[in-house]
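Let me begin by presenting the structure, written as structure tokens, before commenting on it.
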Amino acid sequence: MRTSKQAAMGFIFITLLIDVMGWGLIIPVMADLIAELKGIPVNIASTYGAFLLSVFAITQFLFSPVVGNLSDKFGRRPILLFSLLGFGIDYLVLAWAPTYGWLFLGRIIAGITGASFTTASSYIADISTDETTRAKNFGLIGAAFGLGFVLGPALGGLLATWGLRAPFYAAAALCLINCLFGYFMLPESLSKDNRRDFDWKRANPMGSLRFLTRHSEIGGLALSFFLIYLGAQAVQGSWNFFTIYQFDWSEGMIGISLTVVGVLTGLVQGVLTRVITPKIGNEKSIYLGLSLYALGLVLFAFATEGWMMFVFLVPYCLGGICGPSLQSVIAGHVVKNQQGELQGALTSLMSLTTIIGPLIMNGTFSYFTTDQAPFHLPGIHFLIGAACMLGGLVIVRKVLTKEKTTHGELPALDQPAPLD
């Protein structure tokens, strides 16, 4: 059984790795592609980049609960394969896009089918036996993302020398290959005994979010989860636009910087998390990680030279130890046949941050680089992100302290608090 679970984790890791590589391939060229299609400077193009991120997030917000509930009924494997196929089609649409409007079509397709993260999280929840093991396994998601961003952006920056469209074709090929790999190699993780009927009331976005509020501790932790991902949009949504504007970076340099992010993230979540979390526990890992996230964002805001961004990536990426621990604590309150619903709800929260986050972060970056702004501060969005991280820290500390006072300790994974 242990060997079977380890093999399953290997399958899901490779599946996520190739999926993330596809996204990492196109990031270095997206800013220049949007600027080219719209015929505008890159700092103004950041707002249009935010619109693309938001339309993707809106469709994902609407469809992620549906996909999560479908995976509870039909199993994780077919839903994951459907998601990967959709991403492959999306990248082909982006590769052929003659105008900016076509980019919206591709992002809508990806948003509808974009369930790889949700289903992979449910898959991991299915095969994890206790809270510590689950935190370690969730850390592998971060490791896959990290390694994907090591390979993807570096390759994307290299392919960009052949044209802005080349990385999109490569991303499409990787996703379709990934789909074939999963079809032949990925086993099902959810037994038929643990499946449940599909329920539209649970599958609608607001019903999915209400799932998180059935216990006050889940609602509070979910709010902290929301703030963390909202703060992360300061980096995820504007890194390429900011560095091109502030430091005149090329696609290749953007690719190198994201490769460094991938290396650091892979080390933190694939190695450091699996060492530190068992020693200091999930709670302290959350507090430490959020503090480091906030520090890194403040440093980004006041960087005056390009090399500083590489240095400041160290504390920021070290903050990644908080994510798997927080997700593990939240998942520890939910029974197995509701993990898909929970992960769908969390993905909906993440989608909400991607709906409003880029509009806030990219919008403030764009505004404070124009003559209309009261002062010039391109890094102001990083300060907003740091405030979100500190807000999440305050909330999660309050919730976990109250829970320990009430229950004596955090609920164990194999004895989740029952849902009403």
Side-chain angles (χ1 to χ4, degrees), residues 121 124-125 128-143 145-146 212 215-232 235 261 264-299 312-334 342-343 346 349-350 353 385-417:
S121 298
I124 289 174
S128 300
T129 56
D130 57 63
E131 186 175 353
T132 299
T133 300
R134 176 166 290 184
K136 291 180 179 179
N137 289 341
F138 275 134
L140 284 180
I141 295 180
F145 271 67
L212 299 173
H215 287 293
S216 59
E217 63 270 22
I218 292 180
L221 293 172
L223 177 58
S224 178
F225 185 89
F226 173 82
L227 288 173
I228 292 168
Y229 278 90
L230 180 62
V235 175
V261 172
L264 293 174
T265 301
L267 289 174
V268 169
Q269 299 201 9
V271 179
L272 197 61
T273 297
R274 301 171 71 86
V275 174
I276 290 182
T277 300
K279 291 183 178 180
I280 68 175
N282 283 329
E283 185 177 358
K284 291 181 179 179
S285 294
I286 294 169
Y287 300 156
L288 177 60
L290 288 176
S291 299
L292 290 168
Y293 267 148
L295 174 62
L297 286 166
V298 171
L299 292 173
F312 300 157
L313 278 172
V314 175
Y316 179 78
C317 290
L318 284 173
I321 66 172
C322 80
S325 294
L326 179 58
Q327 196 168 2
S328 177
V329 170
I330 296 173
H333 296 81
V334 177
L342 170 65
Q343 299 304 330
L346 292 178
L349 278 182
M350 292 168 60
T353 67
C388 291
M389 295 297 180
L390 293 176
L393 174 59
V394 171
I395 292 171
V396 74
R397 179 176 175 81
K398 180 178 179 180
V399 170
L400 295 184
T401 300
K402 179 179 178 181
E403 185 170 333
K404 287 191 296 182
T405 302
T406 304
H407 300 288
E409 59 181 3
L410 298 181
L413 178 62
D414 56 351
Q415 294 179 329

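Within the model, atoms OG of S325 and CD of E283 stand 10.5 Å from one another, a figure rounded to the nearest 0.5 Å. Between the CZ atom in F312 and the CG atom in L295 there is a gap of 9.0 Å [rounded to 0.5 Å]. Put simply, CD1 on I286 and CG on L326 are 4.5 Å apart, with the number rounded to the nearest 0.5 Å. Taking CG from N282 and SG from C322, the interatomic distance works out to 11.0 Å, rounded to the nearest 0.5 Å. Considering OH of Y293 and CG of L318, their distance stands at 10.0 Å, rounded to 0.5 Å.
Scored by the side-chain contact (heavy atoms from CB on, under 4.5 Å) test, L288 finds L292, I321 as partners (sequence neighbours excluded). With sequence neighbours excluded, the residues that form a side-chain contact (heavy atoms from CB on, under 4.5 Å) with C388 are L230. By the side-chain contact (heavy atoms from CB on, under 4.5 Å) test, I395 is found to be paired with L223, S224, L227, V399, residues two or more places apart in sequence or in another chain being considered.
The shortest non-hydrogen separation linking L297 to A386 is CD1-N, 3.5 Å. Here the closest non-hydrogen pair linking V275 and K279 is O-CG, 3.4 Å. Nearest heavy-atom pair across M389 and G231 is CE-C, 3.9 Å. For the residue pair A222 and I330, the shortest heavy atom distance occurs at N-CD1, 4.5 Å. For the residue pair Q327 and L346, the shortest heavy atom distance occurs at CG-CD1, 4.4 Å.
Looking at S285 and T273, their side chains never come closer than 4.5 Å, going by heavy atoms from C-beta outward. Residues Y287 and L400 meet the side-chain proximity criterion, which asks for heavy atoms closer than 4.5 Å. Side-chain atoms of K398 and V394, non-hydrogen and from C-beta on, never get closer than 4.5 Å to each other.
S328 places no side-chain N or O within donor-acceptor distance of the main-chain N or O of P324, the cut-off being under 3.5 Å. Of the possible polar contacts, one joining the T353 side chain to the M350 backbone as a donor-acceptor pair under 3.5 Å is found.
If you look at F225 and Y229, their ring centroids are closer than 6.0 Å.
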Side chain to side chain contact (heavy atoms under 4.5 Å, CB included) between L290 and L390: does it pass, once the steps are laid out? CA-CA 7 Å; L290 288 176; L390 293 176; over 6 Å; no
